[in-house]
Amino acid sequence: MSENLHPLDDLNDQMMRRRQELDEIIARGINPFPYSYPVTAHAREILDTFTDDAPQRTVSVAGRIMSFRRMGKATFVHLQDSTGKIQLYLRKDDVEQYALLKLLDIGDIIGVKGFVFRTRMGEISIHVQDYELLAKSLRPLPVVKEKVDDEGNKIVYDPFKDKELRYRKRAVDLIVNPEVKEVFIKRSLLVRAIRRFLDERGYLEVETPILQPLYGGAAARPFVTHHNALDIDLYLRIADELFLKRLIVGGFEGVYEIGKDFRNEGMDRSHNPEFTMMELYVAYRDYEWMMELVEEMLRVVAVEVTGGAEVSFGGPAISFAPPFKRMTMMEAIEDKIGENLRGVPEKRLQEVAASLDIELEPSMGAGKIIDEIFSEAVQPDLVQPTFILDYPLEMSPLAKKHRSEEGLVERFELFVKGQEIANAFSELNDPLDQRRRFEEQVRLRARGDDEAMAFDEDFVEALEYGMPPTAGLGIGIDRLTMLMTGQESIRDVILFPTMRPEQGS
RNA sequence: GGGGCUGUAGCUCAGGUGGUAGAGCAUCUGCCUUUUAAGCAGAGGGUCGAUGGUUCGAGUCCAUCCAGCCUCACCA
C-alpha cells in the first residue's frame, strides 16, 4: 500500500465537504491549526458567577462547537470546554470574521473573545467580538440535541449510546456524553484520596515489576509474553504481593503500590483483563488493625468522591460510616444455611454444596468447597460493607495461621453490594510454613487446579532472612470506583476497556 | 465456552406474508440580526455487519462467520 492511506473517494459526503472547507479556509490565508489561544475563563465558572447587575465582563474562552443556530445575520453557537457548555452570540455587525462562520462545523474548536450577557430568553451567553478557528474537525460527530424541560430535567435526543462504539471511540463518547467525563474525574479523585490517605500515614509508594519470570500472589491464570534479548518467557503480574513483601523484608515499614494487574480470565460486567489494584503492606500490624484502616480509608474516599459517607445511586444507600459489620466466614454461612461447617468432613461439604446446586470440580478441596458455598449462598446478600473473616487455610497460601482457630487463617475480605472490594491478611512470615504452603499448591496444581500458585523459591528465601509481622491489603480500584460512581459495568470506569479488535484492522 | 437478543444514512430508529430502502436530527441551497430539540422552503446522502445459498428477484428466507449487549459458567 504505497498510496494515500485515506483516499478521498473513501470519504463520505460530509467528510468530503469538511475537507473542501478546510481548503477554502487555507485559501483565505487562515491557518486552520494555529498554535495557542489565550484562554481566560471557562464555561462553568462564567455561568456560576454571572449576575445581571454586575458590570459587563470580557472573557476569552475556547472549546468545541456543539451546535449551531444560524439566523442569517446572527448566529447562536453552543461551545463546550472541559467544564461545560456556554452559548455564544455572534452578530454580523459585531464580528469582523462573520463570513468565516459558514466554513465552520459542529466539532470545530474555536477560541472566542466577548462580553458575558443574558439573552432575551434568559440564557447566559457570550456576545462575541472576535473569534479564531483553533482546529478544524474533519469528521462528523454524533449529534446530540438536548433541552431542559419545565422541571429542570435534561432531555437528550438521539443520544450516542451504542456501547460498542462508545468504548471503541472513547474520545467521541467523552465529547458527546458529558456524564462519562464525570465518572473519570471521580475516579481520579478517588485514587488521589487513597494516595493522600496512605501518604499522610507515612507509607511509601513504590513500583514493582509488571514483567515477572514467575507470577504469584493470587490465584489466576496469567498472560505470557516473551523477552527477545533474554530469550525467556515472562508473565504479566497477577498481583504485586510477593514483591511488596520483599520490600518489607528489606526494611520498609509501610509500602503501597497502585497499578495494573493482568489476569487471563473471562470478561464480564465486573472483570477486565487488565485492572487496577492497590496493595498495601504495613510492618508490625495484623489484620485486625488493617480492618480499622480500611474502614477509615473508605469513609474518607466516600466523602471525597461523593460528598458523604452515605452513597446512593437509586438503589439502597450504602453507608461507609465505620464500623462496618464483621462476621467470620463460618458464622456467615451458618446464618444462611443453619449449619456450622467448621471441621465438617469433605463428604458432608459436598452434600451441602449439592443441596445448594453448586457444581464442584474434582480438584476442589474442603476449603475451596466452603468458599464456593459462601460465594453462592452468602456473598450476594452482603449489601452494606461487611468484613468476612477467617478463611480456610488451604485457599490462602500467603496468609498467616489464625492465632486461635485451627485450620483457618487471619484473613478478611470486604464485601459491598455483593462484590468483593478488599482482601487482606496477617501476612505469613514463617518461611518454613510458607514453604509447606507452596508445596501444597504444587500438589493442588498436580490435581488439576491450574490457578494454584507456583512455588516461588526466591520469595521463600527472602522470608528466611526474616520478615516482621505484617498486615497486607489489596483493594480493586475499578470496583471501588463503580461503587462510588454508581456504574454497573467495569467498562464504564475504565477509559479504554479491552475490546476484541475490529475486523480488518 | 453455553443460551437469548442485536447489527439498515454521521446519530437514533421504522422497514406484515421476499419485488434492489424510509423518518427525525445532522449535512447542502435559499430566507431570517437575542435563538435554543430555533423556524420556513427545497436538495443530497446507504455494497441494509461479512460471505455463501434458495429464488426470475433477498434488508426481508437458510447456512456459516464477525462484532456487541444481556445471561450462565470461571475469576478480583
Side-chain angles (χ1 to χ4, degrees), chain A residues 11-18 20-21 66-78 85 87-95 98 102 105-107 117-123 125 127 137 139-149 154-169 172 176 217-221 238-239 261-279 358-359 361 371-372 375-376 413-415 419-423 449-451 474-480 482 488-491 499-505:
Chain A
L11 303 180
N12 66 39
D13 61 326
Q14 295 199 39
M15 292 181 66
M16 286 287 281
R17 188 186 48 71
R18 283 175 185 238
Q20 285 160 5
E21 283 171 351
M66 296 304 288
S67 69
F68 272 108
R69 283 179 294 285
R70 301 177 195 263
M71 298 171 35
K73 297 188 181 64
T75 297
F76 289 91
V77 168
H78 266 117
K85 286 182 195 158
Q87 181 171 259
L88 309 179
Y89 175 53
L90 298 98
R91 280 195 348 168
K92 189 166 191 286
D93 295 345
D94 300 337
V95 187
Y98 192 82
K102 210 174 171 68
D105 288 289
I106 290 174
F117 77 114
R118 190 189 288 278
T119 65
R120 203 173 285 163
M121 298 300 289
E123 180 162 351
S125 309
H127 191 126
S137 166
R139 207 173 265 276
L141 282 173
V143 178
V144 174
K145 289 216 166 194
E146 52 194 46
K147 76 167 178 188
V148 180
D149 69 11
K154 195 168 86 171
I155 304 169
V156 178
Y157 297 87
D158 299 333
F160 178 60
K161 65 180 184 186
D162 183 296
K163 286 194 176 177
E164 178 182 0
L165 279 177
R166 287 186 44 218
Y167 298 142
R168 287 191 194 282
K169 312 290 178 194
V172 176
V176 302
R221 286 193 294 272
I238 59 173
D261 286 347
F262 306 84
R263 298 190 186 173
N264 209 338
E265 315 266 351
M267 298 163 60
D268 61 30
R269 207 163 55 246
S270 56
H271 297 83
N272 195 64
E274 57 178 292
F275 62 103
T276 303
M277 193 74 161
M278 190 285 293
E279 289 194 35
I358 297 167
E359 287 176 39
E361 301 289 329
D371 186 54
E372 286 294 319
S375 313
E376 204 63 30
E413 292 188 311
L414 176 68
F415 294 91
Q419 282 208 340
E420 184 193 332
I421 296 299
N423 179 25
D449 182 354
D450 57 0
E451 290 183 345
I475 291 184
I477 297 295
D478 312 276
R479 288 184 178 180
L480 188 60
M482 288 167 67
E488 304 274 309
S489 167
I490 198 166
R491 292 182 150 193
M499 303 284 285
R500 208 183 283 269
E502 285 178 281
Q503 251 182 308
S505 62

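By convention in this document, chain letters (A, B, ...) are assigned in the order of the sequence lines, proteins followed by strands, and residues within each chain are numbered from 1.
- Taking atom CE of A:Met66 as the reference point, atom P of B:A37 lies 16 Å away to the nearest angstrom.
- A search for ring-ring contact (aromatic ring centres under 6.0 Å, His included) contacts involving A:Phe76 returns A:Tyr89, not counting sequence neighbours.
- Note: CZ (A:Arg118) to C1' (B:U35) measures 15 Å, nearest angstrom.
- Contact between the side-chain N/O atoms of A:Lys161 and the OP1/OP2 oxygens of B:C69 is not found at any separation under 4.0 Å.
- Place A:Phe76 and A:Asp478 on RNA chain B by their nearest nucleotides, and A:Phe76 ends up nearer the 5' end.
- In this structure, A:Tyr167 places its OH atom 12 Å from C1' of B:C70, rounding to the nearest Å.
- Among the heavy atoms of the strands lying under 4.0 Å from A:Ala219 are primed sugar atoms or P, OP1, OP2 only; no base atom is included.
- Per the geometry, CD belonging to A:Glu274 stands 16 Å off C1' belonging to B:C75, to the nearest Å.
- Listed by chain and residue number, A:Pro159 satisfy the side-chain contact (heavy atoms from CB on, under 4.5 Å) test with A:Lys161 (two or more places apart in sequence, or in another chain).
- Here the separation of B:G24 from B:U64, taken at their P atoms, is 39 Å to the nearest Å.
- Take A:Asp371 and apply the salt bridge (charged side-chain N to carboxylate O under 4.0 Å, His left out) test, not counting sequence neighbours, and it matches no residue.
- Note on A:His127: nothing from the nucleic acid sits closer than 4.0 angstrom, heavy atoms only.
- Side-chain to base pairing of A:Glu123 with B:U34: no donor and acceptor N or O lie closer than 3.5 Å to each other.
- Ion pair A:Arg17/A:Asp105 flagged as a salt bridge, since at least one NZ, NE, NH1 or NH2 atom sits closer than 4.0 Å to an Asp/Glu carboxylate oxygen.
- Between the side chain of A:Arg91 and the main chain of A:Lys73, no donor-acceptor pair closer than 3.5 Å is present.
- For the P atoms, the distance linking B:G3 with B:A63 amounts to 14 Å, nearest Å.
- Between B:C56 and B:C66, the distance separating the two P atoms is 32 Å to the nearest Å.
- Across all strands, A:Asp371 comes closer than 4.0 Å to no nucleic acid atom at all (heavy-atom distances).
- Neither OP1 nor OP2 of B:C32 sits under 4.0 Å from any side-chain N or O of A:Arg69.
- With a 3.5 Å limit on both pairing distances and Watson-Crick or G-U wobble geometry required, the stems of 3 or more pairs in RNA chain B span B:1-7 with B:66-72, B:10-13 with B:22-25, B:27-31 with B:39-43, B:49-53 with B:61-65.
- For A:Arg70, there are no salt bridge (charged side-chain N to carboxylate O under 4.0 Å, His left out) partners, not counting sequence neighbours.
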Classify every nucleotide of nucleotides 23-30 of chain B by which part a protein heavy atom approaches to under 4.0 Å, writing B for the base, S for the sugar-phosphate alone and - for neither, in 5'-to-3' order. -BSBSS-S
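- Separating the P atom of B:U29 from that of B:G44 is a span of 15 Å, rounded to the nearest Å.
- The side chain of A:Gln87 sits closest to B:U36 out of B:U36, B:U12, B:C74.
- A donor-acceptor contact under 3.5 Å is formed by the side chain of A:Asp268 with the base of B:C74.
- Using a 4.0 Å heavy-atom criterion, one finds that A:Arg491 contacts the sugar-phosphate atoms exclusively.
- Note: A:Arg491 CZ to A:Asp478 CG = 13.0 Å, rounded to the nearest 0.5 Å.
- When distances run from any side-chain atom of A:Phe160 to the nucleotides B:C32, B:C11, B:C74, the shortest one goes to B:C11.
- When rounded to the nearest whole Å, the span between CG of A:Asp162 and P of B:C69 equals 9 Å.
- Within 4.0 Å of A:Glu372, counting heavy atoms only, lie sugar-phosphate atoms of the nucleic acid but no base atom.
- Closest-nucleotide positions on RNA chain B for A:Ala218 and A:Lys147 were compared, and the one nearer the 5' end corresponds to A:Lys147.
- The salt bridge (charged side-chain N to carboxylate O under 4.0 Å, His left out) search around A:Asp268 returns none, not counting sequence neighbours.
- At a cut-off of 3.5 angstrom, the base of B:U33 holds at least one donor-acceptor pair with the side chain of A:Arg91.
- Nucleotides B:U55 and B:U8 place their C1' atoms 22 Å apart, quoted to the nearest Å.
- Evaluation of the side-chain contact (heavy atoms from CB on, under 4.5 Å) rule for A:Ala220 yields A:Ile238, A:Arg263, A:Glu265 as partners, not counting sequence neighbours.
- One atom, CZ of A:Arg168, and another, P of B:G10, lie 18 Å apart when rounded to the nearest Å.
- Partners of A:Glu146 according to the salt bridge (charged side-chain N to carboxylate O under 4.0 Å, His left out) rule, which considers only residues two or more places apart in sequence or in another chain, are A:Lys85, A:Lys154.
- Among the nucleotides B:G68, B:C11, B:U33, the one closest to the side chain of A:Tyr89 is B:U33.
- The main-chain N or O of A:Glu413 is never found under 3.5 Å from a side-chain atom of A:Asn423 such that the two would form a donor-acceptor pair.
- Within 4.0 Å (heavy atoms only), A:Gln419 reaches no atom of the nucleic acid at all.
- The side chain of A:Glu376 lies closest to B:A73 when the candidates are B:C75, B:A73, B:G68.
- Spacing of C1' atoms, B:G49 relative to B:A9, comes out at 15 Å, to the nearest Å.
- The distance between atom CE of A:Met71 and atom C1' of B:C32, rounded to the nearest whole Å, is 7 Å.
- The side chain of A:Arg269 places an N or O atom within less than 4.0 Å of a non-bridging phosphate oxygen (OP1 or OP2) of B:U71.
- Put simply, CG on A:Asn272 is 12 Å from P on B:G68, counting in whole angstrom units.
- At a threshold of 4.5 Å between non-hydrogen side-chain atoms, the residues A:Tyr167 and A:Ser489 count as touching.
- Residue A:Ile475 comes nearest to A:Ala422 through the heavy atom pair CG1-CB, 3.7 Å, listed as atom of the first residue, atom of the second, then distance.
- Across the C1' atoms, B:G15 and B:G59 are found 8 Å apart, a figure rounded to whole Å.
- Which of B:U35, B:G68, B:C74 sits closest to the side chain of A:Ser125 comes down to B:U35.
- For the P atom pair drawn from B:A37 and B:C5, the interatomic distance equals 40 Å after rounding to whole Å.
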